[in-house]
Amino acid sequence: MPKLITIKNPKSPISEAYRGIRTSIQFSDLDKGMKVITVTSSKQNEGKTTVITNLATTFANLDKKVLVIDGDLRNPGVHRMFGISNLHGLTDVLVDNTTFVDCVNCTDIKNLHVLTCGVVPPNPSEMLASQRMKEFIENLKDNYDYIFIDAPPIGIVTDAGVISSYSDGCILVIGANETDIETAKLAKERLDSVGAKIIGTVLNKFAVKTNGHDYYAYYYQGRKSKKSNRKMNKKEKSMA
Ligand SMILES: Nc1ncnc2c1ncn2[C@@H]1O[C@H](COP(=O)(O)OP(=O)(O)O)[C@@H](O)[C@H]1O
Ligand SMILES: [Mg+2]
């Protein structure tokens with residue numbers, strides 16, 4: 001059984017927040033479209049795996065064909081979110097131990113497939129940067145509407161930057177309890193320096209007080225286009 005809030009409690013404010021992020025992504029690049037989306041953060045534990053798996057689920061709920069790939073080859077966690085085995089996965093496909101079709105998982109969620117990490121390799125950066133990996137993702141694009149890749153933190157190694165280079169957009173997750181503003185800024189600079197297209201940031205795990213109770217929440221800030229900043233003209237107002 002998946003550990004996903006968007007499945008367990010689809011009417012909760014948190015699930016609603018995920019649907020808000022989904023809408024922002026859908027509107028974020030109308031011309032090119034967002035097909036391959038990755039997630040990263042400054043450090044471990046800020047909520048990357050939680051965010052990408054829940055987000056993928058909200059897209060699958062729209063009847064889109066969705067694939068989640070665990071690209072965090074150092075600290076994989078996608079299999080735990082879906083309660084599935086990580087015996088075979090991405091790394092096995094990349095070294096030809098098995099085929100994608102043999103190890104992709106169908107989940108209890110309609111339209112949502114999962115490719116777990118597989119055996120944790122000794123050379124994760126090399127694997128992620130390989131031509132093989134790029135071609136693999138390119139070929140999958142024909143079979144899925146959206147591909148979500150969970151990535152390692154951008155902090156220490158370049159893996160997340162490498163994954164971003166073959167993604168259409170990247171979401172930066174900031175754990176309110178884990179990261180200070182300077183570290184978050186540094187993560188953004190690192191992503192910018194590898195040419196990653198940051199489509200938004202999720203401020204995760206900040207405590208919100210409602211009726212005296214704390215609950216942990218999400219806040220998404222997407223990139224604002226010039227168009228979305230301007231006021232509506234008369235004709236648009238009449239159509240709204
Ligand atoms: N909004 C949230 N509120 C409370 N706990 C959260 C939230 N997001 C993530 N967590 C918890 O924080 C821990 C780390 O999350 P995870 O998604 O595995 O982070 P990462 O993939 O960045 O290492 C997990 O135990 C997860 O359940
Ligand atoms: Mg993770």
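Whatever order the structure lists ligands and atoms in, that order sets their numbers, starting from 1.
- Close N/O approach between S41 and ligand 1 is not found [any backbone or side-chain N/O within under 3.5 Å].
- Partner of I147 under the side chain to side chain contact (heavy atoms under 4.5 Å, CB included) criterion, out of V68, D168, L140: L140 alone.
- With a 6.0 Å cutoff to the six-membered ring centre and a 45° limit on the axis angle, K64 does not count as a cation-pi contact of F59.
- Considering backbone and side-chain atoms together, D150 places no N or O closer than 3.5 Å to any N or O of ligand 1.
- With a cut-off of 2.8 Å, the Mg ion (ligand 2) has an N, O or S atom of T49 in range.
- By the criterion of a heavy-atom distance under 4.0 Å, the side chain of N204, and not its backbone, is placed next to ligand 1.
- In summary, the atoms of ligand 1 found under 4.0 Å from a heavy atom of T49, numbered by their order in the structure, are 17 (O), 21 (O).
- Contact check on E16 versus R19 returns a salt bridge, with a Lys/Arg side-chain nitrogen under 4.0 Å from an Asp/Glu carboxylate oxygen.
- Looking at V51 next to ligand 1, no N or O pair under 3.5 Å apart turns up.
- Using a 4.0 Å cut-off between charged nitrogen and carboxylate oxygen, K43 and E46 do not count as a salt-bridge pair.
- The heavy atom nearest to atom 2 (C) of ligand 1, considering only E178, R80, K205, K43, is found in K205.
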Exercise. D63 and K110: side chain to side chain contact (heavy atoms under 4.5 Å, CB included), yes or no, with the steps?
Worked result: CA-CA 8 Å; D63 259 355; K110 196 175 155 226; 3.2 Å; yes
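- Considering N143, L67, L94 in turn, L67 is the only one that fulfils the side chain to side chain contact (heavy atoms under 4.5 Å, CB included) rule with F100.
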